Visitor: 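One structure is given below, represented as structure tokens, and several questions about it will come after.
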2 protein chains.
Amino acid sequence: MAEPGVQSVERALDLLEILAELGGDAGLSELSEQSGLPLPTIHRLMRTLVARGYARRLPSRRYALGARMIRLGESAGRQLGAGARRHLARVARELGETANLAMLDGEMAVYVAQAASSHSMRMFTEVGRRVHLHSTGVGKALLGELPDAAVRDIADRAGLSPATDRTITDVDGLLAALAEIRERGYAVDDGEQEIGVRCFAVIVPGAPVPTALSVSGPAARVSFEFGERAVPVLHEVARDVGAELSEG
Amino acid sequence: MAEPGVQSVERALDLLEILAELGGDAGLSELSEQSGLPLPTIHRLMRTLVARGYARRLPSRRYALGARMIRLGESAGRQLGAGARRHLARVARELGETANLAMLDGEMAVYVAQAASSHSMRMFTEVGRRVHLHSTGVGKALLGELPDAAVRDIADRAGLSPATDRTITDVDGLLAALAEIRERGYAVDDGEQEIGVRCFAVIVPGAPVPTALSVSGPAARVSFEFGERAVPVLHEVARDVGAELSEG
DNA sequence: CCGTGTCGTTCCGCACTGTGGAATGCTGTT
DNA sequence: AACAGCATTCCACAGTGCGGAACGACACGG
């Protein structure tokens, strides 16, 4: 970021991000190590965030994210979903299958928008739902953006649980699949999350959070021939979505 | 709040909250009206938030919440859910039915934590799911905390759709029900969201976001006699949850 | 219980960072 | 093209944010 922002706001956001990345709670010393800020500075900023409900102080004198963060997160999800939905609707219209937009969230992906196919037999994925990375199209597309070491770390932490007997459950197999995804530019979930369901997914370039766009449906309709037609559409729409998400 | 915080952080949070409350996008003038801050101040703060991905600037020069907000919101939800779950587990253990924790989110409630009953026949409510206020126990408990004018406003915006033929669908009926809820200190969803399901809910005192705790299950088991036993437990646990959520 | 070590909290002088009025630029409408 | 409304930039200034030092709180071990 070439243009410096308001320093104290940046610092407060840094602290919130550290708490989110730690996934639990942290003491001031940990926050100091991670942020490089002096304790009194952190203390003052955390006091502000606590007072506003965006962080909470535990009896152990450690800090965690606060309830008001949920509200902002939900609102953002709805707004982004609304903005993205017209782009996803184009996928659904042109390809005739269900389009989904998902973001990287820790060791999982979370669906933030959807446009449904007009078919009676179609994918239904609830917005806000979190799914494993290794067994979904969007998840594998997101993993393909990470270095192998990060993929191994995620695999260690989240595990590679089998959703079906087609799910990749060993990290070497996964890494090989990701190398292929990187080379060809899209991911396929071929019955790995749900038997009889196929999904093609691509990365949304330029999104502030790693984001993937997918089209999916019954394998009978979403064939590999379908995929050859679908992938260019996905790439094109992904660019539009990325432009919308990164506006600014 | 007796203790003033870091002013620029407070102001940045104010702007994010205004964007969330507006539910869509806003121009700088609107943000200025709502916040009382001068345009250049807002512009600089928004520039910082946009650069960090917490807000986006639209081609129309309007602003909306950004993708990184989702991530923080999800992390907060998980952390708070984990913290609340041990309290909810106590409800589930003592009462033998499913306990849920939900927060007010615009004109809806969103579930943030759950502890399931050990019965095979039980409530299943996915964390992150949003539900209507007027037709759920937690929702009515939350509405009971609002002035009548605010309830009317929400009813206007969100509507009073019937989930079942027992759902309250007129605002005067709803206001009468809320008056009763306020007087007796708990809410009941008596087959209003789902036929054959009953739910008792109370407010979590002191939570930074309006929050409600409920216990629910099949009406055959969750009788009014059950409710007489359950409500004191709910109130007690709600106080514990409130203390945990408001720590600081 | 007391002492010690570790970590968190408070204080306050200082300067740098955030501020907002004024000027300028941009956009949309007629 | 002109105009009105809104957004963006600039910069002098002072007030707000800062962090080192001192103090307080807590946990642990003897």
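As the structure is a computational prediction, the values presented were derived from the model and not from experiment. Convention: sequence-line order gives letters A, B, ...; per-chain numbering from 1.
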Visitor: Does any non-hydrogen side-chain atom of B:Glu244 lie less than 4.5 Å from one of B:His87?
Guide: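 They are in side-chain contact.
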
Visitor: Taking only residues two or more places apart in sequence or in another chain, which ones pass side-chain contact (heavy atoms from CB on, under 4.5 Å) with A:Ala92?
Guide: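 By the side-chain contact (heavy atoms from CB on, under 4.5 Å) rule, A:Ala92 matches A:Ala115.
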
Visitor: Quick one: side chain to side chain donor-acceptor pair (under 3.5 Å) partners of B:Tyr186, sequence neighbours excluded?
Guide: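 Expected list: none.
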
Visitor: Please list, by residue number, the residues of residues 22-38 of chain A whose heavy atoms come closer than 4.0 Å to an atom of DNA chain D; answer none if no residue qualifies.
Guide: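 Output list: A:Pro38.
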
Visitor: Is any NZ, NE, NH1 or NH2 atom of the basic residue among A:Glu94 and A:Arg229 found under 4.0 Å from an Asp or Glu carboxylate oxygen of the other?
Guide: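 Salt bridge flag = no for A:Arg229 with A:Glu94.
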
Visitor: Tell me whether A:Glu30 contacts the main-chain N or O of A:Gly27 through its side chain, where contact means a donor paired with an acceptor under 3.5 Å.
Guide: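 Answer holds: yes.
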
Visitor: Check ring pair (Phe, Tyr, Trp, His ring centres under 6.0 Å) between B:His43 and all other residues, then give those that pass, not counting sequence neighbours.
Guide: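 By the ring pair (Phe, Tyr, Trp, His ring centres under 6.0 Å) rule, B:His43 matches no residue at all.
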
Visitor: Mind checking whether A:Leu72 and B:Leu72 have side chains closer than 4.5 Å, heavy atoms only?
Guide: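 No, too far: nothing below the 4.5 Å cut-off.
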
Visitor: Applying salt bridge (Lys or Arg N to Asp or Glu O under 4.0 Å), run through A:Asp153 and A:Arg157 and close with a yes or a no.
Guide: CA-CA 6 Å; A:Asp153 189 42; A:Arg157 280 189 279 130; 3.0 Å; yes

Visitor: Is the shortest heavy-atom distance from the side chain of A:Leu133 to the side chain of A:Leu104 under 4.5 Å?
Guide: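 Side chain of A:Leu133 against side chain of A:Leu104, heavy atoms only: contact under 4.5 Å found.
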
Visitor: Please list, in 5' to 3' order, the outermost nucleotides of DNA chain D lying under 4.0 Å from any heavy atom of chain A.
Guide: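 Terminal contacting nucleotides, 5' to 3': D:dG17 to D:dG24.
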
Visitor: Rounded to the Å, how far apart are A:Ile42 CD1 and C:dT9 P?
Guide: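 Distance check: A:Ile42 CD1 to C:dT9 P gives 11 Å.
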
Visitor: Give the rounded distance in Å between these two atoms: CE of A:Met46 and P of C:dT9.
Guide: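 A:Met46 atom CE is separated from C:dT9 atom P by 10 Å.
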
Visitor: Does B:Arg11 have a side-chain nitrogen or oxygen under 4.0 Å from the phosphate oxygens OP1 or OP2 of C:dG20?
Guide: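 Yes, within the criterion.
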
Visitor: In degrees, rounded to 10°, what is the bend between the two ends of the helix from C:dC1-D:dG30 to C:dT30-D:dA1, using five pairs at each?
Guide: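 Taking the rotation axis at each end, their angle is 50°.
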
Visitor: Which residue pairs satisfy the salt bridge (charged side-chain N to carboxylate O under 4.0 Å, His left out) criterion with at least one member in residues 71-82 of chain A, sequence neighbours excluded?
Guide: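 Residue pairs with at least one partner in residues 71-82 of chain A: A:Arg78-B:Asp105.
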
Visitor: When you check the side-chain N and O atoms of B:Ser8 and A:Ser8, is any donor under 3.5 Å from an acceptor?
Guide: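 Their side chains do contain a donor-acceptor pair, which is all the 3.5 Å distance test asks for.
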
Visitor: What does the B/S/- profile of nucleotides 10-17 of chain C look like, 5' to 3', with a 4.0 Å heavy-atom cutoff to protein?
Guide: B------S

Visitor: Under the side chain to side chain donor-acceptor pair (under 3.5 Å) rule, collect the residues that match up with A:Thr48, sequence neighbours excluded.
Guide: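 Here no residue qualifies.
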
Visitor: Which letter, B, S or -, goes with each nucleotide of nucleotides 24-30 of chain C from 5' to 3', with contact meaning a protein heavy atom under 4.0 Å?
Guide: -------

Visitor: Mind checking what makes side-chain contact (heavy atoms from CB on, under 4.5 Å) contact with B:Ala102, not counting sequence neighbours?
Guide: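 Partners of B:Ala102 under the side-chain contact (heavy atoms from CB on, under 4.5 Å) test: B:Ala109, B:Tyr111, B:Val138.
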
Visitor: Which residue pairs pass the salt bridge (charged side-chain N to carboxylate O under 4.0 Å, His left out) test with at least one member in residues 203-214 of chain A, sequence neighbours excluded?
Guide: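 Passing the test, one end in residues 203-214 of chain A: no pairs.
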
Visitor: Could you check B:Ile154, B:Ile203, B:Val209 and say which one makes a side chain to side chain contact (heavy atoms under 4.5 Å, CB included) with B:Leu142?
Guide: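 With B:Leu142 as partner, side chain to side chain contact (heavy atoms under 4.5 Å, CB included) holds for just one option, B:Ile203.
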
